[in-house]
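Structure record follows, encoded as structure tokens.
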Amino acid sequence: MPISCRPVGVTNGSTRQGPRRVDAYELDGGHGVRAVIWTYGATLAELWIPDRTGRSVNVALGFPDLAGYEDPKNPYLGATVGRFSRNVGRGRFRLDGAEYQLDLNDHGHHMHGGREGFSRMVWQAEPDPTAMSLTLRLVSPDGDQGYPGELTAQTVYRLVEHGIEFEHRATTTRPTVVDLTNHTYWNLAGEGTVDEHTLRIGGSRAIRFGERMVPVPGPPEPVHGTAHDFTHARPLRGIAIDRFFVLDGPRETVELAHPAGGLVMRVRTDAPGTGVYTADRFARPRGGICLQSSALPDAPNRPDFPSVRLDPGQVYRNRTVHEFTAE
């Protein structure tokens, strides 16, 4: 079967959602690309890609069981993050004259949707074998984690000939803010660290951060000539990265490569930027690299950043494609 499903456990439940069964869906495109997606957090748990020798490599970091994903210390491995994908300074923002206070889950700030954000929920799944896709749906009630409006969110995973596509959609009953993203950590070797990888980013500017990675006032700063200048492919060994890069245009890409194994991953997105983190604070440091295509951090409080507002009658959409080649 091109799409199969198996149960992987039952959640402990939370104040937002009672105990729920969690399923793992496997999508097999028949051309060497195979994905495993869990309904908990609408999570990409595995992505198998053939390298230049034909060996199948799992390039996405994940946990072996549900307990790992439910652990409060789970760094959002493979999850769909929302309502807002990045941080909100002091967990507050104003919209149409009203101030909203969000859940403070990051040392006095709001991060990745809050303690009971979308990554902690079980989504409803609808497979489509014809399109080789899996659509996951979640309804977030008005006031969830402090956000206004009932939000209906969708994450669509779709296998393409040489990789996988993430598509996020949302509608709302009241004016609100939204940005959804995928939070997979990548390792093109399938093991070890990312030290033998190279990275190129189609962005020549990066957000300047203050406390807890909340942007400071002012425009993004140029990275040319700095330790974080990845406008040309560079090895990752010896470089710790936890930055947000603004892409230079809609046709720009991010490229991760593992020369020893020959795998190259090219990322195309309609998001304005990409958060890059080399997982230096992991229990197993640098086991993967997160490339998070999303809105700019603290965008709800920054009129100089691209808007993340969503009104009733509008449809939020975001699309990111990860294409792999064996060179």
Side-chain angles (χ1 to χ4, degrees), residues 80-103 106 109-114 117-118 138 140 142-156 166-183 201-210 212-221 243-252 254 267-276 291-321:
T80 296
V81 175
R83 271 190 205 195
F84 185 67
S85 59
R86 298 290 303 187
N87 52 10
V88 178
R90 307 299 174 191
R92 294 193 297 267
F93 69 92
R94 297 187 67 84
L95 194 65
D96 295 338
E99 182 172 275
Y100 296 93
Q101 178 63 62
L102 306 178
D103 177 52
D106 186 42
H109 301 284
H110 179 82
M111 175 66 78
H112 291 340
F118 291 2
L138 181 71
S140 172
D142 184 17
D144 187 14
Q145 308 302 292
Y147 289 95
E150 179 182 277
L151 191 85
T152 301
Q154 294 184 6
T155 290
V156 182
F166 311 137
E167 183 181 358
H168 304 291
R169 309 170 191 153
T171 58
T172 183
T173 60
R174 292 174 57 195
T176 191
V177 297
V178 63
D179 187 69
L180 308 180
T181 188
N182 177 271
H183 208 275
I201 301 172
S204 58
R205 297 172 299 152
I207 299 295
R208 294 184 299 130
F209 287 131
R212 300 303 300 179
M213 301 191 72
V214 176
V216 300
E221 61 183 359
R243 301 289 304 271
F244 191 92
F245 296 83
V246 180
L247 298 177
D248 288 338
R251 296 183 179 276
E252 292 294 342
V254 176
V267 184
R268 295 182 288 108
T269 183
D270 52 20
T274 299
V276 180
L291 304 173
Q292 179 188 348
S293 302
S294 71
L296 273 56
D298 203 25
N301 290 313
R302 295 293 298 264
D304 53 328
F305 289 174
S307 175
V308 292
R309 177 179 178 131
L310 182 69
D311 288 312
Q314 296 178 329
V315 179
Y316 161 85
R317 286 188 174 90
N318 174 272
R319 177 175 174 268
T320 299
V321 180

Of all the heavy-atom pairs spanning [X] and [Y], show the shortest one and how long it is.
{"X": "Pro215", "Y": "Asn87", "value": "CD-OD1, 4.4 Å"}
{"X": "Pro300", "Y": "Val88", "value": "CG-CG2, 4.2 Å"}
{"X": "Gly273", "Y": "Phe244", "value": "C-CZ, 3.5 Å"}
{"X": "Thr181", "Y": "Ser293", "value": "OG1-O, 2.7 Å"}
{"X": "Ala295", "Y": "Pro272", "value": "CA-CG, 4.0 Å"}
{"X": "Asn318", "Y": "Leu180", "value": "OD1-O, 4.1 Å"}

Which pairs of donor and acceptor atoms, one on a side chain in residues 202-210, lie under 3.5 Å apart (sequence neighbours left out)?
from: Ser204; atom 1: OG; to: Asp248; atom 2: OD1; distance (Å): 3.0
from: Ser204; atom 1: OG; to: Asp248; atom 2: OD2; distance (Å): 3.2
from: Arg208; atom 1: NH2; to: Pro217; atom 2: O; distance (Å): 2.7

* Could I get the full list of side chain to side chain contact (heavy atoms under 4.5 Å, CB included) partners for Pro219, not counting sequence neighbours? =>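 Partners of Pro219 under the side chain to side chain contact (heavy atoms under 4.5 Å, CB included) test: none.
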* Asked: What residues form a side chain to side chain contact (heavy atoms under 4.5 Å, CB included) with Asp96, not counting sequence neighbours?
  ->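 Counting only residues at least two positions away or on another chain, Asp96 forms a side chain to side chain contact (heavy atoms under 4.5 Å, CB included) with Pro175, Arg309.
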Going by side chain to side chain donor-acceptor pair (under 3.5 Å), name the residues that satisfy it together with [X], two or more places apart in sequence or in a different chain.
{"X": "Thr269", "result": "Thr320"}
{"X": "Asp298", "result": "Asn301"}
{"X": "Gln314", "result": "none"}
{"X": "Ser140", "result": "Arg83, Asp144"}

Gap between atom [atom2] of [Y] and atom [atom1] of [X] - 0.5 Å precision:
{"X": "Arg212", "Y": "Met111", "atom1": "CZ", "atom2": "CE", "value": "7.0 Å"}
{"X": "Phe84", "Y": "Thr176", "atom1": "CZ", "atom2": "OG1", "value": "11.0 Å"}
{"X": "Thr171", "Y": "Arg317", "atom1": "OG1", "atom2": "CZ", "value": "10.5 Å"}
{"X": "Leu310", "Y": "Tyr316", "atom1": "CG", "atom2": "OH", "value": "9.5 Å"}

Donor-acceptor pairs under 3.5 angstrom involving side-chain atoms of residues 147-155: please list them, not counting sequence neighbours.
from: Tyr147; atom 1: OH; to: His110; atom 2: NE2; distance (Å): 2.8
from: Gln154; atom 1: OE1; to: Arg169; atom 2: NH1; distance (Å): 2.9
from: Thr155; atom 1: OG1; to: His168; atom 2: ND1; distance (Å): 3.1

* With no hydrogens and no angle check, is any side-chain donor or acceptor of Asp179 less than 3.5 Å from a backbone partner on Val308? ->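 Not at all, since once roles are kept as given, no pair shorter than 3.5 Å links the two residues.
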* Output all residues satisfying salt bridge (Lys or Arg N to Asp or Glu O under 4.0 Å) with Arg94, sequence neighbours left out; order by chain, then residue number. =>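 Testing Arg94 for salt bridge (Lys or Arg N to Asp or Glu O under 4.0 Å), a comparison that skips the adjacent residues, returns Glu99.
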* To do: Could I get the full list of salt bridge (Lys or Arg N to Asp or Glu O under 4.0 Å) partners for Arg319, not counting sequence neighbours?
  =>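 For Arg319, the residues satisfying salt bridge (Lys or Arg N to Asp or Glu O under 4.0 Å) (neighbours in sequence not counted) are Glu165.
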* What residues, two or more places apart in sequence or in another chain, satisfy ring pair (Phe, Tyr, Trp, His ring centres under 6.0 Å) together with Phe93? ->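 Counting only residues at least two positions away or on another chain, Phe93 forms a ring pair (Phe, Tyr, Trp, His ring centres under 6.0 Å) with Tyr100.
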* Could you go through the side-chain contact (heavy atoms from CB on, under 4.5 Å) check for Ile201 and Val276 one step at a time? => CA-CA 10 Å; Ile201 301 172; Val276 180; 4.0 Å; yes
* To do: Give the C-alpha distance, both sets of side-chain angles, the deciding distance and a yes or no for side-chain contact (heavy atoms from CB on, under 4.5 Å) between Val214 and His109.
  => CA-CA 9 Å; Val214 176; His109 301 284; 3.8 Å; yes
